[in-house]
Colleague: 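Let me begin by handing over the structure; questions about it come next.
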Amino acid sequence: MTKIIYLDSPENFSFRPTIYSHGWSELLPFEIDEETWKLSYVFTDNNGKNPTYATISDENGRLAIEVENSELNEDFQAKILNETKHILRLDEDLNKFYKLIEKQKNLRWIADANAGRLVRSPTVFEDLIKTICTTNCSWSLTKNMTRNLVEKLGISTKNGKKSFPTAEAMANQTPEFYRDEIRAGYRSPYFHELAEAVAIKKINPESWLKSDLPTNELKKEMKKIKGVGDYAAENLLKLVGRYDGLALDSWLRAQFYKKHNKETVCEDTQITEFYSKFGSWRGLAIWCDMTERWFKVEKS
DNA sequence: GCGTCCAGGTCTACC
DNA sequence: GGTAGACCTGGACGC
């Protein structure tokens with residue numbers, strides 16, 4: 001039995017550009033159906049239990065969340081609604097960004113498409129683990145590692161879908177487990193150490209969402225975690241709503257060379273200078289600029 | 001089949 | 001603070 005709960009979407013929000021904003025929607029427990037344009041996820045209750053598969057779709061301007069659990073209590077239903085808002089960034093105000101790019105002929109499409117909301121996981125912990133999975137490897141390997149984490153450590157729904165593992169579940173595994181079962185390679189001791197630190201509350205990644213620290217200080221905090229360098233920290237900063245950093249990686253650099261530098265390699269300083277006019281929004285500006293063709297494909 | 005390169009980088013030791 | 005070398009994995013590529 002399923003139950004549908006509804007959520008009003010704000011002005012300047014479009015569902016497709018949001019769920020298609022970057023690769024996160026391809027990483028389990030997220031799944032994206034590009035034919036029906038639905039995004040699914042496996043939610044858990046406040047105790048990290050009762051895994052529940054839900055599919056989010058746009059229904060004439062409001063969001064329909066179809067939940068495969070007809071006996072949701074009020075707390076769990078509220079949690080699913082709040083986490084959906086967080087995943088899709090419904091409370092994020094991009095008007096200042098849209099205003100900033102208003103006179104940029106090549107970027108005006110972002111505001112026209114209501115793009116710029118980068119989909120994210122319900123918890124910063126999940127985004128942190130996934131970000132480490134993106135470092136120094138191909139996208140297919142990122143997907144493999146994430147799939148292994150979910151399939152081997154997640155809790156299963158009645159229909160066999162699995163949740164993202166909790167820090168506690170990850171802390172209970174050894175570095176050898178991550179190396180042999182998750183195929184995480186040199187990242188294996190990092191995962192064990194990080195999960196343990198979060199489980200015993202030595203580190204609280206969720207606090208980054210409302211941190212009063214200046215961005216450069218928060219970035220330093222993030223980089224204290226093994227496996228998190230400049231790229232990973234700046235990617236995480238974007239996911240907690242700060243766009244000061246470009247989060248340059250080999251893919252983003254290659255896209256820039258192709259689009260703005262006649263397919264010629266250049267220094268990072270040149271890329272930084274190119275987007276400096278966008279100030280604290282430069283990280284979002286480069287990401288939207290480099291992924292423009294994704295949206296053109298979608299429209300065609 | 002085998003070796004090499006490299007992909008959505010980071011860490012450590014050393015200077 | 002800057003830099004060289006090492007680090008897991010697995011797909012692509014050349015031979």
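Numbered from 1 within each chain, the chains take letters A, B, ... in sequence-line order. For clarity, every value in this text was computed on a predicted model and none was experimentally measured.
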Colleague: Across all strands, who's sitting opposite dG3(B) as a Watson-Crick or G-U wobble pair, both distances under 3.5 Å?
Modeller: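 Pair assignment: dG3(B) / dC13(C).
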Colleague: According to the 5.5 Å centroid and 30° plane-angle thresholds, does Tyr231(A) stack upon the nucleobase of dG9(B)?
Modeller: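 Taking the rule of under 5.5 Å and under 30°, the ring of Tyr231(A) does not stack on dG9(B).
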Colleague: Tell me the interatomic distance from Ile129(A), atom CD1, to dG9(B), atom C1', rounded to whole angstroms.
Modeller: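 Spelled out: CD1 on Ile129(A) to C1' on dG9(B) is 16 Å.
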Colleague: Where the side chain of Cys137(A) is concerned, which of dA7(B), dG8(B), dG11(C) is the nearest nucleotide?
Modeller: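 Minimum distance to the Cys137(A) side chain belongs to dA7(B).
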Colleague: Starting from the 5' end of DNA chain B, give me the residue, Trp287(A) or Lys226(A), whose nearest nucleotide shows up first.
Modeller: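 It is Trp287(A) whose nearest nucleotide is closer to the 5' end.
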Colleague: If only side-chain N and O atoms of Arg183(A) are considered, is one of them under 4.0 Å from the OP1 or OP2 phosphate oxygen of dC8(C)?
Modeller: no
Colleague: Just checking Lys259(A): does its NZ atom have more than 12 heavy atoms from other residues, nucleotides or ligands closer to it than 6.0 angstrom?
Modeller: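 Result for NZ/Lys259(A): enclosed.
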Colleague: At under 4.0 Å between heavy atoms, what does Thr135(A) touch on the DNA or RNA strands: base, sugar-phosphate, or nothing?
Modeller: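 Sugar-phosphate contact only - Thr135(A) comes under 4.0 Å of backbone atoms but never of a base.
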Colleague: Asn148(A) has an atom CG; how far is it from atom C1' of dG10(C), in whole Å?
Modeller: 13 Å
Colleague: Atom CZ of Phe191(A) to atom P of dT10(B): distance rounded to whole Å?
Modeller: 13 Å
Colleague: What nucleic acid atoms does Ala232(A) come within less than 4.0 Å of, heavy atoms only: base, sugar-phosphate, or nothing?
Modeller: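 Sugar-phosphate, no base atom in range.
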Colleague: Which heavy atom of Met290(A) sits nearest a heavy atom of Trp251(A), and at what distance?
Modeller: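 Scanning both residues completely, I find the closest heavy atoms to be O-CH2, 4.1 Å.
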Colleague: What residue among Phe278(A), Trp281(A), Tyr243(A) forms ring-ring contact (aromatic ring centres under 6.0 Å, His included) with Phe97(A)?
Modeller: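 That would be Trp281(A).
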Colleague: In whole Å, measure the gap between the P atoms of dT10(B) and dG11(C) for me.
Modeller: 23 Å
Colleague: Output the rounded distance in Å from CG (Leu141(A)) to P (dA7(B)).
Modeller: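 Distance, rounded to whole Å: 14 Å.
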Colleague: Tell me whether the guanidinium CZ or amine NZ of Arg282(A) lies under 6.0 angstrom from the six-membered ring centre of Tyr275(A) and within 45° of its axis.
Modeller: no
Colleague: Which whole number of Å gives the distance between the P atom of dA6(C) and that of dG8(B)?
Modeller: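 dA6(C) and dG8(B) have their P atoms separated by 24 Å.
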Colleague: How many whole angstroms separate atom CH2 of Trp251(A) from atom P of dG8(B)?
Modeller: 9 Å
Colleague: So which nucleotide from dC7(C), dG10(C), dG8(B) ends up closest to the side chain of Asn144(A)?
Modeller: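 Side chain of Asn144(A) sits closest to dG10(C).
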Colleague: Quick check for you: to the nearest 0.5 Å, what is the distance between Lys277(A) atom NZ and Gln104(A) atom CD?
Modeller: 5.0 Å
Colleague: With a 4.0 Å cutoff (strictly under), does any side-chain N or O of Lys223(A) reach OP1 or OP2 of dC11(B)?
Modeller: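 Looking at the OP1 and OP2 atoms of dC11(B), neither is under 4.0 Å from any side-chain N or O of Lys223(A).
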Colleague: Provide, to the nearest angstrom, the distance between the CG atom belonging to Asp230(A) and the C1' atom belonging to dT10(B).
Modeller: 10 Å
Colleague: Rounded to whole Å, how long is the line connecting atom CE of Met222(A) with atom P of dT10(B)?
Modeller: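 Taking atom P of dT10(B) as the reference, CE of Met222(A) is at 13 Å.
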Colleague: What is the distance, to the nearest angstrom, from the CZ atom on Arg187(A) to the P atom on dG10(C)?
Modeller: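 Taking CZ of Arg187(A) and P of dG10(C), I get 10 Å after rounding.
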Colleague: Under 4.0 Å between a side-chain N or O of Ser250(A) and OP1 or OP2 of dG9(B)?
Modeller: yes
Colleague: Heavy atoms under 4.0 Å, any strand shown: does Ile182(A) hit a base, just sugar-phosphate, or nothing?
Modeller: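 Nothing, no nucleic acid heavy atom in range.
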Colleague: Distance check, P atoms only: dC5(B) and dG5(C), in whole angstrom units.
Modeller: 15 Å
Colleague: Would you indicate whether Lys79(A), at its atom NZ, is surrounded by more than 12 heavy atoms from other residues, nucleotides or ligands within a distance under 6.0 Å?
Modeller: yes
